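Report on the structure given below.
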Amino acid sequence: MEGANGGGDGDGGDRPWQSYHTVYTTAKAGMEGVDKEKVQKVVYEMSKGSKYFQNEERKEAFINQKVQNLRIQCAKLTEADLVHYRKVADRRIVELEASRDLSRIWLHVDMDAFYAAVETLSNPTLQGKPMAVGSMSMISTANYEARKFGVRAAMPGFIARKLCPELIFVPIDFKKYTYYSDLTRKVFRIYDPNFIAGSLDEAYLDITEVCKERNVNSEEVCSDINKPNGQYILPNDRMAVMTFVSSLPIRKIGGIGKVTEHILKGVFEINTCEQMLEKSSYLYAILSQPTAEFFCSVGLGLGQKDSPQVRFRKSISNERTFSATEDEVLLHKKLVELAEMLSVDMQKEGLCGRTLTLKLKTASFEVRTRAVTLQKYISSSEDILKHAKKLLKAELPISVRLIGLRVSQFNGDKCSAAPDPTQKTITNFITSGDVNRNCSSFPDVADLDFVSDAETNLSIDNRQTSQLDWRDPFVGNYLSDGDHQSCIVQKNGVEEVQTPSNDATSSHHSGFTEGSTSFQGQFEGINVMNESKLREGARLNSCCQETTMLWLNDYKCSLCGIELPPSFVEERLEHSDFHLAEKLQKEESRIHQPYVPSRSRNQKDGITRQSKSKKQKLSNKEGKYTPIDSFFVKK
DNA sequence: CTCACTGCA
DNA sequence: TCCGTGCAGTGAG
């Protein structure tokens, strides 16, 4: 093997900025015309010399060293070794191929700049202006106008501002995004009650049955569900998949990030998925078996194996960044706060765990974790604090900028909700909710059954809430939105569709020596196949039912008057989908009470949380998926 | 088990 | 002035 040429590896000579690898130079939607060189230069100039930067350099040097080591290992492989590993790899590839399953049709939905889109919706004056959701220290997402300047998610705000001085910053408001996300999920649930929610703005739907029911193929569905922009159809035949995958840059694959890409390129000269297969003997020779296997399945365009199913959380944690300090009193105070927050979160979900991990980030950005595993399961803030203090004390003369606490090793039976069959749907609802839930600062679906005492204490007076129903997703700034009627259908940029993919592969892979990842996302577009998802005749029926409700004289839409003869089956379905979405949204806003401008409302968070929980409870009372039909009862 | 580290949204 | 948070997961020791 020669000439590593790790793709853009700078030499650090006269163009030092080229050697500073950041995550935000990767091509993203809306960043096609960006002058990458210029952006990189600005980022470099803004970062250079900082503690953060120095730490990045340290890490990068370490990785480079690893690349060197692996290259040496490769070079040491004998001819016999290579013959052997060729066989090993080929055999596995055949097995993997045999496991390919093209029978399911998956729809992957990914909303464009979701947070930014929502913010624009509630403040239309943002329309057309470069805007980012986030703060000076971190940006969560940027709209397309901002992306033209190279501004993007995960970039610190002060750098973004340098790139785009007129950039408008909007503080992050999860409540708002959760609200809109829930709207979209109601629609997803119609098509696949068991859809997998990746995050607030992302979902995977198994639409195999819908297609069958409506007697359409994925292509038709795609254009059916989404008129305009951005869908991509990957046919479920092997050749199409292989072609798609072959030229795909490895970085597009879920689970392959900056470091893995660097190693794959630097050590194996792998740049595309196709090359994973070509180099598979080296992969098996040098890397762990699961890791090699993962890469091979990527090369074959196979998805992950196990259906994401009802996966219980394995840990719960919180962490906060602050200006670095070594003041022990201050650090202790932070620890107390974290312990209390964590305890509240745990009780909300009925969790008890026996491993406590303390995380510290030093003033120089070095991360350190320290853990204890106890005999007994804990969840109270006192217990957490007691052990956390010990862990911290052991590190003590130290200057830190972040403290975090994590509890894991849960008590399976008693604390975590038992999989009671009657609760199954709701459990699904919760778990499919967010794999990664965010800040504890806003309520999430998991609250509904566990409104704890602690939570009650937060609200000022929960009696009045039951009357008033102050739920309003937009506690935020900005105008209201008489307009949020129209958002959903057009806003959710359904992006793409479909495909096969299979089982095979052990769903995990690893990162080389240390790192790894989760391989949940796969490619954007290639998807998971999972065995049987239960069928939902009921769901489809409800669709059809309400369709007939809508058509006066079997001809005219009772809601908007549009005329569509019975023979226009697909058009009708689509039309009713439209009204469904619209209706859901109206319903939602109605329940959520008329919008009250924020200045006139003085309720505290606790109240909002209360009522939100209540609402969730109501709408799920039946234990079925959302009572879709109820939305079609004319009021 | 512990710890460092990757990756993802 | 200035680079986050919460989760899953791997693998070496």
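What you see below is based on every heavy atom in this structure, not just the backbone, and it leaves out hydrogens, waters and symmetry mates. Because the structure is a prediction, the values reported are computed rather than measured. Throughout, a chain's letter reflects where its sequence line sits, starting with A, and its residues are numbered from 1.
For residues 371-380 of chain A, the set of pairs meeting the salt bridge (charged side-chain N to carboxylate O under 4.0 Å, His left out) definition, not counting sequence neighbours, comprises K376(A)-D383(A). The ring-ring contact (aromatic ring centres under 6.0 Å, His included) analysis of residues 339-360 of chain A, with sequence neighbours excluded, yields no pairs. Pairs engaging residues 154-168 of chain A under the salt bridge (charged side-chain N to carboxylate O under 4.0 Å, His left out) rule: none recorded [sequence neighbours left out].
In summary, K361(A) and E366(A) do not engage in a salt bridge, as defined by a charged side-chain N under 4.0 Å from a carboxylate O.
S137(A) is linked by a side-chain hydrogen bond (donor to acceptor under 3.5 Å, both in side chains) to S135(A), counting only residues two or more places apart in sequence or in another chain.
Among the protein residues, S47(A) comes within range of the nucleic acid bases, having at least one heavy atom under 4.0 Å from a base atom. Among the protein residues, Q289(A) comes within range of no part of the nucleic acid, since none of its heavy atoms lies under 4.0 Å from any strand. Across all strands shown, K51(A) has no heavy atoms under 4.0 Å from either base or sugar-phosphate atoms. Backbone-only contact: R354(A) has heavy atoms under 4.0 Å from sugar-phosphate atoms and none from a base. At a threshold of 4.0 angstrom between heavy atoms, the contacts of K361(A) are confined to the sugar-phosphate backbone, with no base atom among them. Using a 4.0 Å heavy-atom cutoff across all strands shown, L342(A) reaches no nucleic acid atom at all. I316(A) comes within contact range of the sugar-phosphate backbone alone, with a heavy-atom separation under 4.0 Å but no base atom that close.
Of the candidate nucleotides dT6(B), dA8(C), dG4(C), dA8(C) has the atom nearest to the side chain of S315(A). The side chain of R313(A) lies closest to dC7(C) when the candidates are dC5(B), dC7(C), dG6(C). Which of dC3(C), dG6(C), dG7(B) sits closest to the side chain of T260(A) comes down to dG7(B). The listed nucleotides are dT6(B), dA9(B), dG11(C); the one nearest the side chain of S288(A) is dG11(C).
When ring centroids are compared, Y115(A) and Y177(A) come within the 6.0 Å threshold.
Separating the CD1 atom of I263(A) from the C1' atom of dT10(C) is a distance of 13 Å, rounded to the nearest angstrom. Rounded to an integer number of Å, the gap from CD1 of I286(A) to C1' of dG11(C) is 16 Å. With rounding to whole Å, F294(A) atom CZ is found 12 Å from dT10(C) atom P. Regarding I256(A), its CD1 atom lies at a distance of 18 Å from the C1' atom of dA9(B), rounded to whole Å. Straight-line distance from the CE atom of M136(A) to the C1' atom of dC3(C): 13 Å, rounded to whole Å. Summarising the geometry, the separation between CD1 on I63(A) and C1' on dT6(B) is reported as 9 Å, rounded to the nearest angstrom. The nearest whole Å value for the distance from the NZ atom in K66(A) to the C1' atom in dC5(B) is 8 Å. Here the P atom of nucleotide dG4(C) and the CZ atom of F158(A) are 9 Å apart, to the nearest Å.
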Compile the donor-acceptor pairs under 3.5 Å between side chains in residues 390-403 of chain A and protein atoms, sequence neighbours left out, one pair per line.
{"residue": "E395(A)", "atom": "OE1", "partner": "R368(A)", "partner atom": "NH1", "Å": "3.0"}
{"residue": "E395(A)", "atom": "OE2", "partner": "R370(A)", "partner atom": "NE", "Å": "3.0"}

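For the pair D201(A) and K59(A), both in contact range of DNA chain B, the more 5′-proximal nearest nucleotide belongs to K59(A). Toward the 5' end of DNA chain C, the nearer of the two residues K314(A) and F365(A), judged by each one's closest nucleotide, is F365(A).
For the pair T355(A) and dC1(B), the criterion of a side-chain N or O lying under 4.0 Å from OP1 or OP2 is not met. For the OP1/OP2 pair of dG4(C) and a distance below 4.0 Å, the side-chain nitrogens and oxygens of R401(A) include at least one atom meeting the criterion. Side-chain nitrogen and oxygen atoms of S317(A) include none within less than 4.0 Å of the OP1 or OP2 phosphate oxygen of dT5(C).
Rounded to the nearest Å, the gap between the P atom of dC8(B) and that of dC3(C) is 23 Å.
Within residues 368-376 of chain A, the residues having any heavy atom under 4.0 Å from DNA chain B are, by residue number, R368(A), T369(A), R370(A), A371(A), V372(A), T373(A).
Under the 30°/60° scheme for interplanar angles, the aromatic rings of Y44(A) and F53(A) are found to stand perpendicular.
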Verdict with supporting geometry, Y52(A) and F365(A), ring pair (Phe, Tyr, Trp, His ring centres under 6.0 Å): CA-CA 6 Å; Y52(A) 174 82; F365(A) 286 86; 5.4 Å; yes
